[in-house]
Amino acid sequence: MKNTITILLIFVTNLFWSQTYQITYQKYYHDQLTEPENPIVLFTSASETILTTKLTLEKKAAFPFEQAIINRKQNHVTQLAFLKDKRIIQTIDSTSINNQKFELINEFKTILGYSCQKAKTIINSNTIEVWFTKNPTVKGAPTLLGQDLGLVLEMNRNGNFIIKAEKMEKIKKIPFDVTLPSIPQFNAIDYKDLLWKSRFLTFSIFENETIRFADNAVSNDSILRFANGTVILKKIKFPLLDINSNVFIQLKTHSNGDAYDRTGSVFLVPNDGKKSFLKGFIEGVSTLPIFENGNGKKYQGIRLEKDFQPITELMRFFTPFGIQQYNHIVLKDKNWLNEVVYRQDITDLLSTFNNQEVWIGTFIGNYDKGGHKVALEITAHSGENSAKIASNQFALPLFNTTNVLEMAGQEYGTLFSDPKGLTVHFTLDKPLQNAKLRYITTGHGGWENGDEFVPKKNTISIDGKEWFSFVPWRQDCGSYRLYNPASGNFANGLSSSDYSRSNWCPGTVTNPVNIDLGNLEAGNHTITIQIPQGLPEGTSFSAWNVSGILLGESKIE
């Protein structure tokens with residue numbers, strides 16, 4: 001790879017008689033020097049310009065990185081990208097330099113002994129000022145912008161980011177004596193996409209899978225299907241990721257037949273040999289631990305037990321009314337979208353899957369034989385997490401009442417009909433610092449007077465003391481009307497998808513609420529969730545899907 005990097009720097013002919021310069025630029029942000037160890041290096045002559053960096057020349061640059069070569073006779077730019085997977089790609093641009101527009105300003109100053117004139121342009125609301133000289137007669141710039149003005153020795157963006165020439169020397173020739181090998185060429189869009197994707201790790205979980213209700217839902221070697229196909233599950237082995245990574249989950253969905261708004265969940269199940277919800281998937285809900293609080297019903301697998309962990313919920317989402325499948329429904333001024341993209345930061349759950357083999361699943365509750373199409377991926381972006389996750393990060397799933405095995409007989413979350421609500425006992429082997437509860441809650445069911453459409457207070461108590469309470473409610477559902485072509489329309493002029501709901505809208509993610517618990521001592525603790533659940537009305541009943549994960553830092557003794 002190192003040799004390949006070297007040979008990609010083109011041999012420039014007839015340089016012994018032409019002016020050739022090497023300019024070194026440093027970058028400043030708010031007057032602070034950034035990346036002093038890796039200044040921009042520009043080699044330029046009458047016929048060629050090469051834009052690179054010091055670490056690239058020293059074969060020490062971190063992947064991915066780029067270089068640019070400008071053919072001065074034709075003003076063509078060849079951009080080269082060296083990707084993390086050791087591929088090299090290129091794109092050739094024959095128009096952008098000629099299309100750059102600058103306003104020349106009657107201002108001058110001296111940089112490195114050269115008289116420079118000011119020029120200005122505005123790009124994407126950014127004001128960019130450059131200082132360039134016509135003497136020497138060569139052209140070049142520390143970025144692709146301003147390459148045809150002259151020799152740019154300073155560039156200022158918005159008054160706070162400056163690239164400044166620190167050193168300029170005349171050399172005999174550009175010091176690279178090889179030819180450009182044949183490498184894959186892409187158009188500019190594909191080139192930028194490949195370069196962007198090379199900056200992070202992508203773990204593809206599901207690609208264009210169907211989640212539907214069908215008697216003939218069949219598992220295969222890679223994807224398991226449960227509850228008549230309304231749950232899909234796949235085993236994934238994650239490598240050891242940088243603990244300072246940002247980790248995101250992204251789900252894309254569209255209707256494949258189902259016209260309704262449905263509850264969905266992306267979740268994780270450990271594969272460490274302990275008793276987990278996996279047994280319930282494989283052997284049935286009757287094998288899961290039962291929780292009873294006195295209301296006469298039995299709730300399977302919803303809370304932490306001595307030898308059982310509930311599902312770890314990564315993301316709660318809701319399908320819209322028939323997106324894509326029902327886009328043939330025509331309404332004036334409604335241009336329906338084709339899919340929903342749900343994307344959420346799950347960095348605080350990194351310890352639950354980092355360097356582990358786990359099961360990742362997706363559930364959409366529906367009784368439609370066409371159901372929904374889904375694509376799921378997780379991306380890890382190393383070294384950019386401003387929160388700086390601690391190496392002793394702790395995450396423990398405490399409860400999850402979302403009945404992902406709904407179509408296999410798992411009870412709905414109606415347990416809050418009893419004032420005692422949900423109580424979970426847990427034991428900490430070590431003190432937990434900066435503890436918080438990652439809490440997701442959504443109300444469902446009923447009509448008009450049901451909890452889906454009536455604000456209800458959620459109360460969280462720790463060790464018998466009321467700790468936090470709030471009313472989960474979404475009033476922005478009308479913002480997502482274009483996701484919902486099959487939404488019902490009522491006599492009052494509202495669409496069903498417009499109505500405010502108990503912390504969810506058709507076509508949205510429900511964000512977790514991170515509840516600060518302070519520091520928890522080692523030993524036994526109890527958490528209680530209470531919600532004044534509404535009474536049934538005829539065949540309609542209310543339910544609450546709540547999940548909670550205890551997060552924090554295990555105290556190092």
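Residue indices begin at 1 and follow the sequence shown. Atoms considered below: every heavy atom in the structure, side chains included; atoms not considered: hydrogens, waters and symmetry mates. Just so it is clear, the structure is predicted and the values come from calculations on it, not from any experiment.
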>> Ring-plane angle category for Phe82 and Phe65, please: parallel below 30°, perpendicular beyond 60°, tilted otherwise.
In response: parallel

>> If you define the side chain from C-beta out and look only at heavy atoms, does anything of Phe132 sit under 4.5 Å from Lys134?
In response: yes

> Is it the case that Arg501 places NZ or CZ above or below the six-membered ring of Trp504, under 6.0 angstrom from the centre and within 45 degrees of the axis?
Replying inline: yes

>> A cation-pi test, strictly: NZ or CZ of Lys234 under 6.0 Å from the centre of the six-membered ring of Trp359 and no more than 45 degrees from its axis. Yes or no?
In response: no

>> Is a donor from one side chain sitting under 3.5 angstrom from an acceptor on the other, for Thr510 and Asn503?
In response: no

>> On the six-membered ring of Tyr28, is Lys164 placed so that its NZ or CZ lies under 6.0 angstrom from the centre and within 45° of the ring axis?
In response: yes

> Under the ring-ring contact (aromatic ring centres under 6.0 Å, His included) criterion, do Phe363 and Phe267 qualify, and how do the steps go?
Replying inline: CA-CA 8 Å; Phe363 155 75; Phe267 56 87; 7.9 Å; no

> Using a distance-only test with no angle check, is there a side-chain donor-acceptor pair under 3.5 angstrom linking Thr202 and Glu377?
Replying inline: no

> Does a donor on one side chain and an acceptor on the other come within less than 3.5 Å for Gln344 and Asn511?
Replying inline: yes

>> Please check if the number of heavy atoms outside Lys192 that lie under 6.0 Å from its NZ is greater than 12.
In response: no

> For the side chain of Glu207 and the backbone of Ala375, is there at least one donor-acceptor N/O pair under 3.5 Å apart?
Replying inline: no

> Does the pair Glu129 and Lys120 meet the rule for a salt bridge (charged side-chain N to carboxylate O under 4.0 Å, His left out), with working shown?
Replying inline: CA-CA 4 Å; Glu129 299 174 342; Lys120 185 175 74 172; 5.7 Å; no

> Are Thr49 and Thr44 close enough that a side-chain donor and a side-chain acceptor fall under 3.5 Å?
Replying inline: yes

> According to the interplanar angle, ranging from 0 to 90°, do the rings of His525 and Phe426 count as parallel (below 30°), tilted (30 to 60°) or perpendicular (above 60°)?
Replying inline: parallel

> Can you tell me if Asn327 uses its side chain to pair, donor with acceptor, with the backbone of Leu337 under 3.5 Å?
Replying inline: yes

> For Glu66 and Tyr191, does a side-chain donor sit closer than 3.5 Å to a side-chain acceptor?
Replying inline: yes

> Side chains of Asn338 and Gln324: donor-acceptor distance under 3.5 Å anywhere?
Replying inline: no

>> Salt bridge check, Glu48 against Arg72: does any charged N sit closer than 4.0 Å to a carboxylate O?
In response: no

> Is the CG atom of Asp476 crowded by more than 12 outside heavy atoms at less than 6.0 Å?
Replying inline: yes

> Should we say atom NZ of Lys167 is surrounded by more than 12 heavy atoms from elsewhere, each under 6.0 Å from it?
Replying inline: no

>> Looking only at side-chain N and O atoms, does Thr133 offer a donor or acceptor that is under 3.5 Å from a partner on Asn135?
In response: no

> Taking the six-membered ring for Trp, are Tyr439 and Phe470 parallel (under 30°), tilted (30 to 60°) or perpendicular (over 60°)?
Replying inline: perpendicular

> Do Thr78 and His76 get their side chains close enough for a donor-acceptor pair, meaning under 3.5 Å?
Replying inline: no

> What distance do Ile527 atom CD1 and Leu437 atom CG have between them, rounded to the nearest 0.5 Å?
Replying inline: 4.5 Å

